[in-house]
Amino acid sequence: MGPDPAVAAVRVAVRRALAGLPADGMVIAACSGGADSLALAAALAFEAPRARPARPAGGVTIDHGLQEGSAARADKVVRVLAGLGLDPAGSVAVVVGDRGGPENAAREARYAALDETAVRLRAAAVFLGHTRDDQAETVLLGLARGSGARSLAGMPPSFVRRPPGSQDPGVRYVRPLLDLDRATTRRACRAMGLEPWDDPHNEDPAFARVRVRHEALPALEKALGPGITEALARTGRMLRDDADALDEMAARAYADALVQGEGEAEEPVAGVALEVERLAGLPRALRTRVLRSAAIRAGSPPGTLAAVHVDEVDRLVTAWRGQRHVDLPGGVRALRRYGRLLFGPAWAERADSGT
(Lines give C-alpha, C1' and ligand atoms only; values in the text may rest on other atoms or scores of the structure.)
Protein backbone atom coordinates (compact mmCIF):
# COMPACT_ATOMS: atom_id res chain seq x y z
CA MET A 1 0.00 0.00 0.00
CA GLY A 2 1.36 3.39 -0.99
CA PRO A 3 1.57 6.55 1.12
CA ASP A 4 -1.36 8.84 1.78
CA PRO A 5 -2.10 10.96 -1.35
CA ALA A 6 -1.14 14.14 0.48
CA VAL A 7 2.18 12.65 1.56
CA ALA A 8 2.80 11.43 -1.97
CA ALA A 9 2.03 14.88 -3.41
CA VAL A 10 4.54 16.60 -1.11
CA ARG A 11 7.20 13.97 -1.82
CA VAL A 12 6.73 14.27 -5.58
CA ALA A 13 7.11 18.06 -5.36
CA VAL A 14 10.33 17.69 -3.36
CA ARG A 15 11.62 14.98 -5.72
CA ARG A 16 11.16 17.28 -8.70
CA ALA A 17 12.90 20.13 -6.90
CA LEU A 18 15.87 17.90 -6.05
CA ALA A 19 16.13 16.80 -9.69
CA GLY A 20 16.60 20.41 -10.74
CA LEU A 21 19.66 20.97 -8.52
CA PRO A 22 23.36 20.30 -9.15
CA ALA A 23 24.28 16.71 -8.34
CA ASP A 24 26.41 17.49 -5.29
CA GLY A 25 25.86 19.51 -2.14
CA MET A 26 23.59 19.34 0.87
CA VAL A 27 19.99 20.55 0.78
CA ILE A 28 18.60 22.27 3.87
CA ALA A 29 14.94 22.46 4.87
CA ALA A 30 14.05 25.71 6.62
CA CYS A 31 11.42 24.69 9.15
CA SER A 32 9.39 26.85 11.52
CA GLY A 33 7.54 23.85 12.89
CA GLY A 34 4.36 24.82 11.03
CA ALA A 35 2.50 22.35 8.82
CA ASP A 36 3.94 23.57 5.50
CA SER A 37 7.61 23.50 6.42
CA LEU A 38 7.21 20.38 8.59
CA ALA A 39 5.71 18.43 5.68
CA LEU A 40 8.49 19.76 3.47
CA ALA A 41 11.20 18.65 5.93
CA ALA A 42 9.70 15.17 6.22
CA ALA A 43 9.53 14.82 2.45
CA LEU A 44 13.12 16.00 2.05
CA ALA A 45 14.30 13.49 4.67
CA PHE A 46 12.52 10.75 2.70
CA GLU A 47 13.55 11.78 -0.82
CA ALA A 48 17.17 12.97 -0.40
CA PRO A 49 18.70 9.54 0.34
CA ARG A 50 16.67 8.03 -2.51
CA ALA A 51 17.73 10.62 -5.07
CA ARG A 52 20.14 9.66 -7.85
CA PRO A 53 22.73 10.33 -6.70
CA ALA A 54 21.78 10.35 -3.03
CA ARG A 55 22.52 13.62 -1.30
CA PRO A 56 22.83 14.79 2.32
CA ALA A 57 19.91 16.72 3.78
CA GLY A 58 19.76 18.90 6.87
CA GLY A 59 17.24 21.05 8.66
CA VAL A 60 17.34 24.40 10.44
CA THR A 61 14.84 26.44 12.39
CA ILE A 62 15.17 30.14 13.15
CA ASP A 63 14.42 31.43 16.64
CA HIS A 64 13.27 35.03 16.19
CA GLY A 65 12.98 35.52 19.94
CA LEU A 66 9.68 37.39 19.51
CA GLN A 67 7.57 35.17 21.73
CA GLU A 68 7.96 33.77 25.20
CA GLY A 69 9.31 30.24 25.09
CA SER A 70 10.68 30.57 21.56
CA ALA A 71 14.01 28.96 22.47
CA ALA A 72 12.31 25.87 23.92
CA ARG A 73 10.07 25.64 20.87
CA ALA A 74 13.08 25.88 18.56
CA ASP A 75 14.73 23.02 20.49
CA LYS A 76 11.60 20.94 20.00
CA VAL A 77 11.62 21.58 16.26
CA VAL A 78 15.29 20.57 16.12
CA ARG A 79 14.45 17.26 17.83
CA VAL A 80 11.68 16.64 15.29
CA LEU A 81 14.02 17.40 12.39
CA ALA A 82 16.65 15.05 13.78
CA GLY A 83 14.00 12.38 14.33
CA LEU A 84 13.05 12.64 10.67
CA GLY A 85 16.65 11.80 9.77
CA LEU A 86 17.88 15.25 8.80
CA ASP A 87 21.54 15.70 9.70
CA PRO A 88 22.65 18.23 10.71
CA ALA A 89 19.59 19.63 12.45
CA GLY A 90 19.93 22.85 14.39
CA SER A 91 18.53 26.22 15.35
CA VAL A 92 19.84 29.75 14.95
CA ALA A 93 18.79 32.58 17.25
CA VAL A 94 18.49 36.00 15.66
CA VAL A 95 17.87 39.53 16.86
CA VAL A 96 15.01 41.20 14.98
CA GLY A 97 15.34 44.95 14.49
CA ASP A 98 12.65 47.37 13.38
CA ARG A 99 13.84 48.49 9.95
CA GLY A 100 11.03 48.38 7.40
CA GLY A 101 8.41 47.26 9.91
CA PRO A 102 8.17 44.09 12.04
CA GLU A 103 7.40 41.66 9.20
CA ASN A 104 10.21 42.93 6.99
CA ALA A 105 12.69 43.05 9.88
CA ALA A 106 11.90 39.45 10.88
CA ARG A 107 12.20 38.32 7.26
CA GLU A 108 15.59 39.98 6.81
CA ALA A 109 16.93 38.51 10.06
CA ARG A 110 15.65 35.07 9.05
CA TYR A 111 17.18 35.13 5.60
CA ALA A 112 20.50 36.45 6.91
CA ALA A 113 20.65 33.48 9.30
CA LEU A 114 19.69 31.04 6.54
CA ASP A 115 22.34 32.56 4.25
CA GLU A 116 25.01 32.06 6.89
CA THR A 117 23.91 28.49 7.58
CA ALA A 118 23.88 27.58 3.89
CA VAL A 119 27.34 29.04 3.30
CA ARG A 120 28.76 27.33 6.37
CA LEU A 121 27.37 23.94 5.28
CA ARG A 122 28.18 24.54 1.60
CA ALA A 123 24.58 23.75 0.77
CA ALA A 124 23.37 23.46 -2.81
CA ALA A 125 20.02 24.97 -1.82
CA VAL A 126 17.69 25.90 1.01
CA PHE A 127 14.12 24.61 0.63
CA LEU A 128 11.28 26.86 1.80
CA GLY A 129 7.75 25.68 2.63
CA HIS A 130 5.63 28.34 0.89
CA THR A 131 2.45 26.96 -0.67
CA ARG A 132 -0.10 28.04 -3.27
CA ASP A 133 -2.06 29.79 -0.51
CA ASP A 134 1.00 31.85 0.41
CA GLN A 135 1.41 32.69 -3.27
CA ALA A 136 -2.17 33.90 -3.59
CA GLU A 137 -1.78 36.07 -0.48
CA THR A 138 1.44 37.55 -1.87
CA VAL A 139 -0.21 38.40 -5.20
CA LEU A 140 -3.16 40.05 -3.46
CA LEU A 141 -0.84 42.05 -1.19
CA GLY A 142 1.11 43.17 -4.25
CA LEU A 143 -2.11 44.25 -5.92
CA ALA A 144 -3.07 46.27 -2.83
CA ARG A 145 0.32 48.01 -2.81
CA GLY A 146 0.06 48.78 -6.53
CA SER A 147 3.67 47.72 -6.95
CA GLY A 148 3.55 46.56 -10.57
CA ALA A 149 3.98 43.31 -12.44
CA ARG A 150 6.85 42.02 -10.28
CA SER A 151 4.73 42.12 -7.14
CA LEU A 152 1.78 40.59 -8.98
CA ALA A 153 4.11 37.83 -10.18
CA GLY A 154 4.29 36.68 -6.57
CA MET A 155 7.08 34.53 -5.20
CA PRO A 156 9.46 32.87 -7.67
CA PRO A 157 9.92 29.09 -7.45
CA SER A 158 13.62 29.69 -6.89
CA PHE A 159 15.93 32.63 -6.38
CA VAL A 160 19.50 33.45 -5.37
CA ARG A 161 20.51 35.82 -2.59
CA ARG A 162 23.87 37.55 -2.68
CA PRO A 163 25.18 40.81 -1.19
CA PRO A 164 24.83 43.84 -3.50
CA GLY A 165 27.91 44.13 -5.70
CA SER A 166 29.16 40.69 -4.72
CA GLN A 167 30.45 38.28 -7.36
CA ASP A 168 30.10 35.13 -5.25
CA PRO A 169 27.54 32.48 -6.30
CA GLY A 170 25.20 33.38 -3.46
CA VAL A 171 22.68 31.09 -1.77
CA ARG A 172 19.96 29.39 -3.81
CA TYR A 173 16.46 29.13 -2.32
CA VAL A 174 13.80 26.81 -3.73
CA ARG A 175 10.06 26.65 -3.04
CA PRO A 176 8.96 23.12 -4.00
CA LEU A 177 5.39 23.40 -2.67
CA LEU A 178 4.06 26.41 -4.62
CA ASP A 179 1.67 24.18 -6.59
CA LEU A 180 0.22 22.57 -3.44
CA ASP A 181 -2.32 24.08 -1.08
CA ARG A 182 -2.08 24.47 2.66
CA ALA A 183 -4.73 21.81 3.24
CA THR A 184 -2.48 19.24 1.55
CA THR A 185 0.45 19.92 3.85
CA ARG A 186 -1.79 19.64 6.90
CA ARG A 187 -3.18 16.31 5.68
CA ALA A 188 0.37 15.12 5.02
CA CYS A 189 1.42 15.97 8.57
CA ARG A 190 -1.55 14.11 10.02
CA ALA A 191 -0.82 11.08 7.85
CA MET A 192 2.81 11.03 8.99
CA GLY A 193 1.94 11.51 12.65
CA LEU A 194 3.57 14.92 12.84
CA GLU A 195 2.16 17.66 15.09
CA PRO A 196 2.69 21.09 13.54
CA TRP A 197 3.00 24.22 15.62
CA ASP A 198 0.51 27.01 14.87
CA ASP A 199 2.29 30.36 15.21
CA PRO A 200 0.04 32.82 17.09
CA HIS A 201 1.33 35.55 14.79
CA ASN A 202 -0.53 33.81 11.97
CA GLU A 203 -3.79 34.72 13.72
CA ASP A 204 -2.86 38.30 14.65
CA PRO A 205 -4.87 40.79 12.54
CA ALA A 206 -2.18 43.41 13.15
CA PHE A 207 -0.33 41.79 10.24
CA ALA A 208 -1.56 42.54 6.72
CA ARG A 209 -0.99 39.00 5.51
CA VAL A 210 -3.18 37.64 8.31
CA ARG A 211 -6.00 39.99 7.33
CA VAL A 212 -5.68 38.86 3.72
CA ARG A 213 -5.75 35.20 4.78
CA HIS A 214 -8.70 35.36 7.16
CA GLU A 215 -10.74 38.28 5.83
CA ALA A 216 -9.93 39.36 2.26
CA LEU A 217 -9.64 35.97 0.56
CA PRO A 218 -12.75 34.50 2.23
CA ALA A 219 -14.69 37.64 1.26
CA LEU A 220 -13.56 37.28 -2.36
CA GLU A 221 -14.50 33.60 -2.35
CA LYS A 222 -17.94 34.47 -0.99
CA ALA A 223 -18.53 37.25 -3.52
CA LEU A 224 -17.01 35.68 -6.63
CA GLY A 225 -17.20 31.98 -5.98
CA PRO A 226 -14.58 29.31 -5.23
CA GLY A 227 -11.22 29.13 -6.95
CA ILE A 228 -9.90 32.61 -6.10
CA THR A 229 -6.74 31.27 -4.48
CA GLU A 230 -5.94 29.12 -7.50
CA ALA A 231 -6.71 31.99 -9.89
CA LEU A 232 -4.45 34.43 -8.04
CA ALA A 233 -1.58 31.95 -7.95
CA ARG A 234 -2.08 31.19 -11.65
CA THR A 235 -2.06 34.91 -12.48
CA GLY A 236 1.22 35.30 -10.64
CA ARG A 237 2.77 32.44 -12.57
CA MET A 238 1.63 33.86 -15.92
CA LEU A 239 3.05 37.31 -15.14
CA ARG A 240 6.39 35.99 -13.97
CA ASP A 241 7.82 35.32 -17.43
CA ASP A 242 7.00 38.87 -18.54
CA ALA A 243 8.44 40.34 -15.36
CA ASP A 244 11.61 38.26 -15.68
CA ALA A 245 12.22 39.50 -19.24
CA LEU A 246 11.66 43.13 -18.25
CA ASP A 247 13.87 42.77 -15.19
CA GLU A 248 16.70 41.41 -17.35
CA MET A 249 16.47 44.41 -19.66
CA ALA A 250 16.23 46.75 -16.66
CA ALA A 251 19.40 45.25 -15.17
CA ARG A 252 21.31 46.17 -18.32
CA ALA A 253 19.78 49.66 -18.28
CA TYR A 254 20.78 50.06 -14.61
CA ALA A 255 24.39 49.16 -15.44
CA ASP A 256 24.39 51.69 -18.30
CA ALA A 257 23.01 54.50 -16.11
CA LEU A 258 25.17 53.79 -13.03
CA VAL A 259 27.85 56.39 -12.43
CA GLN A 260 31.14 54.52 -12.41
CA GLY A 261 32.81 54.35 -9.04
CA GLU A 262 29.53 54.94 -7.16
CA GLY A 263 26.79 52.58 -6.06
CA GLU A 264 29.09 49.55 -6.35
CA ALA A 265 30.04 49.09 -2.70
CA GLU A 266 28.67 46.15 -0.78
CA GLU A 267 27.18 48.32 1.96
CA PRO A 268 23.79 49.85 1.06
CA VAL A 269 24.67 53.10 2.88
CA ALA A 270 27.33 53.77 0.24
CA GLY A 271 24.52 55.05 -1.97
CA VAL A 272 23.74 54.89 -5.68
CA ALA A 273 24.18 57.53 -8.41
CA LEU A 274 22.50 57.31 -11.83
CA GLU A 275 22.79 59.50 -14.94
CA VAL A 276 19.50 61.35 -15.44
CA GLU A 277 20.00 61.66 -19.22
CA ARG A 278 20.21 57.89 -19.61
CA LEU A 279 17.18 57.39 -17.37
CA ALA A 280 15.10 59.88 -19.32
CA GLY A 281 15.64 57.94 -22.56
CA LEU A 282 14.26 54.69 -21.17
CA PRO A 283 10.68 53.44 -21.60
CA ARG A 284 8.77 53.95 -18.37
CA ALA A 285 8.46 50.17 -17.79
CA LEU A 286 12.26 49.91 -17.68
CA ARG A 287 12.97 53.24 -15.99
CA THR A 288 10.74 52.54 -12.98
CA ARG A 289 12.41 49.16 -12.55
CA VAL A 290 15.82 50.83 -12.60
CA LEU A 291 14.68 53.37 -10.00
CA ARG A 292 13.22 50.67 -7.78
CA SER A 293 16.44 48.67 -8.02
CA ALA A 294 18.51 51.73 -7.11
CA ALA A 295 16.33 52.46 -4.07
CA ILE A 296 16.61 48.87 -2.85
CA ARG A 297 20.37 48.81 -3.34
CA ALA A 298 20.59 52.01 -1.34
CA GLY A 299 18.78 50.29 1.54
CA SER A 300 15.03 50.75 1.01
CA PRO A 301 13.20 47.53 2.02
CA PRO A 302 11.56 45.94 -1.05
CA GLY A 303 8.57 44.82 1.03
CA THR A 304 7.55 48.40 1.86
CA LEU A 305 8.80 50.22 -1.24
CA ALA A 306 5.56 50.77 -3.20
CA ALA A 307 4.69 52.13 -6.64
CA VAL A 308 3.73 55.50 -5.16
CA HIS A 309 7.30 55.92 -3.92
CA VAL A 310 8.81 54.97 -7.28
CA ASP A 311 6.40 57.31 -9.09
CA GLU A 312 7.59 60.24 -6.99
CA VAL A 313 11.22 59.41 -7.75
CA ASP A 314 10.32 59.11 -11.44
CA ARG A 315 9.07 62.70 -11.36
CA LEU A 316 12.61 63.78 -10.50
CA VAL A 317 13.51 62.49 -13.96
CA THR A 318 10.45 63.23 -16.09
CA ALA A 319 8.88 66.27 -14.40
CA TRP A 320 11.88 68.08 -12.95
CA ARG A 321 10.96 71.56 -11.66
CA GLY A 322 13.66 71.94 -9.02
CA GLN A 323 11.65 70.01 -6.44
CA ARG A 324 13.28 68.75 -3.27
CA HIS A 325 14.16 65.19 -2.34
CA VAL A 326 11.86 62.18 -2.07
CA ASP A 327 11.91 60.25 1.21
CA LEU A 328 11.64 56.47 0.81
CA PRO A 329 11.03 53.60 3.26
CA GLY A 330 14.05 52.49 5.25
CA GLY A 331 15.43 55.99 5.78
CA VAL A 332 16.56 56.33 2.15
CA ARG A 333 16.38 59.61 0.29
CA ALA A 334 16.37 60.22 -3.48
CA LEU A 335 17.35 63.60 -4.93
CA ARG A 336 18.52 65.10 -8.21
CA ARG A 337 21.77 67.05 -8.41
CA TYR A 338 23.93 68.13 -11.34
CA GLY A 339 22.38 65.71 -13.81
CA ARG A 340 22.52 62.76 -11.47
CA LEU A 341 19.87 60.98 -9.45
CA LEU A 342 21.28 60.16 -6.02
CA PHE A 343 20.01 57.54 -3.58
CA GLY A 344 21.38 57.38 -0.06
CA PRO A 345 20.66 57.57 3.68
CA ALA A 346 18.35 60.40 4.69
CA TRP A 347 20.80 61.64 7.30
CA ALA A 348 23.47 62.32 4.68
CA GLU A 349 23.90 66.03 4.06
CA ARG A 350 23.43 66.66 0.34
CA ALA A 351 22.40 69.59 -1.80
CA ASP A 352 18.88 69.37 -3.13
CA SER A 353 19.18 71.46 -6.27
CA GLY A 354 20.77 71.05 -9.68
CA THR A 355 19.88 70.20 -13.24
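All of these numbers come straight from a predicted model, not from anything done at the bench.
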CZ/R79 to OG/S91 distance, rounded to the nearest 0.5 angstrom? 10.5 Å
Is it true that E47 and R15 make a salt bridge, defined as a side-chain N closer than 4.0 Å to a carboxylate O? yes
Between R55 and D24, does at least one N-O distance fall below 4.0 Å, as a salt bridge requires? no
I'd like to know if the side chain of R209 pairs up with that of T138 as donor and acceptor (distance under 3.5 Å, no hydrogens or angles considered). yes
If two hydrophobic side chains count as joined below 4.5 Å and joins carry through other members, does V96 share a cluster with L114? yes
Heavy-atom check, side chain of L291 versus side chain of L279, under 4.5 Å: yes
Is it true that F46 and L180 fall in one hydrophobic cluster, defined by side-chain heavy atoms closer than 4.5 Å? no
Got L40 and D36 here, is their nearest side-chain heavy-atom distance under 4.5 Å? no
Check for me, please, whether V160 and V174 land in the same ILVMFWY cluster - side-chain distances under 4.5 Å, paths through other members count. no
I want to check a possible cation-pi pair here: R252 against Y254, using under 6.0 Å from ring centre and within 45° of the ring axis as the test. no
So do the side chains of P302 and R292 get within less than 4.5 Å of each other, counting heavy atoms only? yes
Got a salt bridge between R182 and D134, using NZ or NE/NH1/NH2 to carboxylate O under 4.0 Å? yes
For D115 and R161, run salt bridge (charged side-chain N to carboxylate O under 4.0 Å, His left out): C-alpha distance rounded to whole Å, both residues' side-chain angles, the deciding distance at 0.1 Å, then the answer. CA-CA 8 Å; D115 288 347; R161 273 175 55 95; 2.8 Å; yes
Distance-only side-chain donor-acceptor flag, S70 / D63, under 3.5 Å: yes
Taking a hydrophobic cluster as the set of Ile, Leu, Val, Met, Phe, Trp and Tyr residues connected by side-chain heavy atoms closer than 4.5 Å, whether directly or through intermediates, do L121 and V27 fall within one such cluster? no
Side-chain H-bond candidate by donor/acceptor type, R187 with T184, under 3.5 Å: yes
pair E203-H214: side-chain heavy atoms closer than 4.5 Å: yes
Validation row, ring centre Y111 to ring centre Y173 under 6.0 Å: yes
